[in-house]
Asks: 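Okay, here's the structure, questions in a sec.
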Amino acid sequence: VYEGGQPIAYTVREVNVPTGYEAAYSEDGFTITNTHIPETTQKTAEKVWDDGDNQDGIRPDSVNMQLYADGEVLGEPVTLNAQNDWAHTFSNLPVNKAGVEIAYTVQEIDTPDGYTATVSEDGTAFTVTNTHTPAVTEKTVTKIWNDQNNQDGIRPDEITVYLLADGQRTNYSL
């Protein structure tokens, strides 16, 4: 208890603090707290539309995405729309669970009618592409010459015809 008539101040120090931990000691010197801050990551979900710039007018105003960790639902779905540039970043996600790396995925909830969804991953980003093949039409053009079978010999060898859409010239010509 004493040395030379003075009280001895006893404390402890941990030998070989485990890698990845920092040791902290209480004021009385007898409580050791080892702290490790687990590694975190972030994942971004981005919506891409492949639908002829919404040519058919069926693109919804928003979609919902769900994050999964090792195939299990993680948190609540998030809404992607034009206001958030069709993207959301999930932050502060643990990298590991019991020492094993967590596999994160995203999935669109209720893919819009008329679309198919595919998911690709590039590092920390998931791109969910919704594909819709716009409706197309076919028009047949018939040229009729009412000139008594080119009686005067002035019929040209060829003509150019422009396709108009709602009265506006398109990039198609014959």
Side-chain angles (χ1 to χ4, degrees), residues 1-137 165 170-171:
V1 175
Y2 295 97
E3 184 175 310
Q6 297 296 318
I8 299 173
Y10 288 100
T11 58
V12 295
R13 287 290 178 252
E14 184 173 3
V15 179
N16 299 325
V17 175
T19 302
Y21 285 85
E22 289 188 21
Y25 304 93
S26 64
E27 274 190 45
D28 70 4
F30 289 99
T31 301
I32 306 168
T33 303
N34 284 9
T35 302
H36 168 74
I37 299 172
E39 187 179 357
T40 61
T41 188
Q42 63 183 24
K43 299 288 183 177
T44 299
E46 176 184 37
K47 168 57 67 190
V48 173
W49 297 98
D50 180 10
D51 62 358
D53 198 25
N54 197 22
Q55 174 181 316
D56 292 344
I58 64 170
R59 183 187 297 173
D61 293 332
S62 64
V63 295
N64 293 311
M65 294 287 173
Q66 179 65 60
L67 180 66
Y68 296 84
D70 292 330
E72 300 291 325
V73 170
L74 183 63
E76 296 296 319
V78 295
T79 300
L80 304 184
N81 54 38
Q83 287 76 24
N84 57 24
D85 293 324
W86 298 98
H88 177 78
T89 299
F90 300 93
S91 300
N92 298 317
L93 302 171
V95 171
N96 299 304
K97 180 178 181 181
V100 178
E101 187 171 358
I102 298 170
Y104 289 99
T105 56
V106 296
Q107 189 173 34
E108 182 173 38
I109 300 171
D110 299 326
T111 300
D113 289 340
Y115 286 87
T116 57
T118 56
V119 180
S120 60
E121 181 181 7
D122 181 17
T124 61
F126 294 99
T127 302
V128 181
T129 303
N130 278 25
T131 302
H132 166 73
T133 303
V136 294
T137 188
T170 68
N171 293 330

Asks: I'd like to check V12 versus F30 (side-chain heavy atoms, cut-off strictly below 4.5 Å). Are they in contact?
Replies: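 Yes, close enough: below the 4.5 Å cut-off.
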Asks: Indicate whether any N or O donor in one side chain lies under 3.5 Å from an N or O acceptor in the other, for T79 and N64.
Replies: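 A donor-acceptor contact under 3.5 Å links the two side chains.
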Asks: If every non-hydrogen atom of S26 is compared with every non-hydrogen atom of D28, which pair is closest and at what distance?
Replies: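 Shortest heavy-atom separation between S26 and D28 comes out as OG-OD1, 2.5 Å.
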Asks: How long is the span from the OG1 atom in T89 to the CG atom in N92, to the nearest 0.5 Å?
Replies: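 Separation between the atoms: 11.5 Å.
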Asks: Tell me, with the steps shown, if Y68 and Q107 meet side-chain contact (heavy atoms from CB on, under 4.5 Å).
Replies: CA-CA 8 Å; Y68 296 84; Q107 189 173 34; 3.4 Å; yes
Asks: Please name the residue in the list V106, L67, I109, V63 that meets the side chain to side chain contact (heavy atoms under 4.5 Å, CB included) test with P77.
Replies: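 Checked V106, L67, I109, V63 against P77; only one passes side chain to side chain contact (heavy atoms under 4.5 Å, CB included): I109.
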Asks: Could you tell me whether the side chain of K43 reaches within less than 4.5 Å of the side chain of E121, counting heavy atoms only?
Replies: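 When only atoms from C-beta onward are counted, K43 and E121 do touch, with a gap below 4.5 Å.
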Asks: Find out whether F90 and T44 are in side-chain contact, i.e. whether some heavy atom of one side chain is under 4.5 Å from a heavy atom of the other.
Replies: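 Answer no - side chains too far apart.
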Asks: Surrounding CD1 of I37 (heavy atoms of other residues, nucleotides or ligands, distance under 6.0 Å), is the total greater than 12?
Replies: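 Counting neighbours around CD1 of I37, 12 or fewer heavy atoms of other residues, nucleotides or ligands fall under 6.0 Å, so no.
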Asks: Taking C-beta and beyond as the side chain, do N130 and K47 meet within less than 4.5 Å on heavy atoms?
Replies: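 Yes - at least one pair of side-chain heavy atoms lies under 4.5 Å apart.
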Asks: Of all heavy-atom pairs between T124 and T41, which one has the smallest distance, and what is that distance?
Replies: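 In terms of heavy atoms, the two residues are closest at CG2-OG1, 4.2 Å.
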Asks: In Å, rounded to the nearest 0.5 Å, how long is the span from CG of L93 to CD of E39?
Replies: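 Reported to 0.5 Å precision, the distance equals 12.0 Å.
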Asks: With rounding to the nearest 0.5 angstrom, report the OH to OG1 distance, Y115 to T129.
Replies: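 One gets 12.5 Å once the value is rounded to the nearest 0.5 Å.
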Asks: Going by heavy atoms in the side chains, are T40 and P94 under 4.5 Å from each other?
Replies: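 No, too far: nothing below the 4.5 Å cut-off.
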Asks: Treating D53 as the side-chain partner and Q55 as the backbone partner, does any N or O pair qualify as donor plus acceptor under 3.5 Å?
Replies: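 Here the side-chain-to-backbone pair does not exist.
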Asks: Given T33 and Y25, is the side-chain contact (heavy atoms from CB on, under 4.5 Å) satisfied, shown in steps?
Replies: CA-CA 6 Å; T33 303; Y25 304 93; over 6 Å; no
Asks: Measure across D51 and R59 and return the closest heavy-atom pair with its distance rounded to 0.1 Å.
Replies: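 So the minimum-distance heavy-atom pair works out to OD1-NH2, 2.6 Å.
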Asks: Could you pull out the closest heavy-atom pair between P60 and W49, with the gap in Å?
Replies: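 Here P60 and W49 meet closest at CD-CH2, 3.7 Å.
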Asks: Locate the shortest heavy-atom distance separating Q66 from L74; write the atom from each residue and the value.
Replies: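 Closest approach of Q66 to L74: NE2-O, 3.1 Å.
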Asks: Short question: side chain of N96, backbone of E101 - any donor-acceptor pair under 3.5 Å?
Replies: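 Between the backbone of E101 and the side chain of N96 there is a qualifying donor-acceptor contact (under 3.5 Å).
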Asks: Please give me the minimum heavy-atom distance between F126 and Y104, naming the atom from each residue.
Replies: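 Distance-wise, the nearest heavy atoms are CZ-O, 3.0 Å.
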Asks: Enter the distance from W86:CH2 to N84:CG here, rounded to the nearest 0.5 Å.
Replies: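 Answer rounded to 0.5 Å: 8.0 Å.
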Asks: Apply side chain to side chain donor-acceptor pair (under 3.5 Å) to H132 and D56, showing your working.
Replies: CA-CA 9 Å; H132 166 73; D56 292 344; 2.8 Å; yes
Asks: Look at the side chain of H88 and the backbone N and O of V78, then say whether any donor-acceptor pair between them is shorter than 3.5 Å.
Replies: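 Not confirmed, H88 side chain does not pair with V78 backbone.
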Asks: Atom CD1 in I32, atom OG1 in T11: separation rounded to 0.5 Å?
Replies: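 Result: 9.5 Å between the selected atoms.
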Asks: How many angstroms lie between atom CG of D122 and atom OG1 of T127, to the nearest 0.5 angstrom?
Replies: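 Rounded to the nearest 0.5 Å, the CG-OG1 separation comes out at 7.5 Å.
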Asks: Would you say the side chain of M65 lies within less than 4.5 Å of the side chain of V128, judging by non-hydrogen atoms?
Replies: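 A side-chain contact exists here, since the closest heavy-atom pair is under 4.5 Å.
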Asks: Do E22 and N34 pair up side chain to side chain, a donor and an acceptor below 3.5 Å, judged on atom types alone?
Replies: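 No pair is found: no donor N or O on one side chain lies under 3.5 Å from an acceptor on the other.
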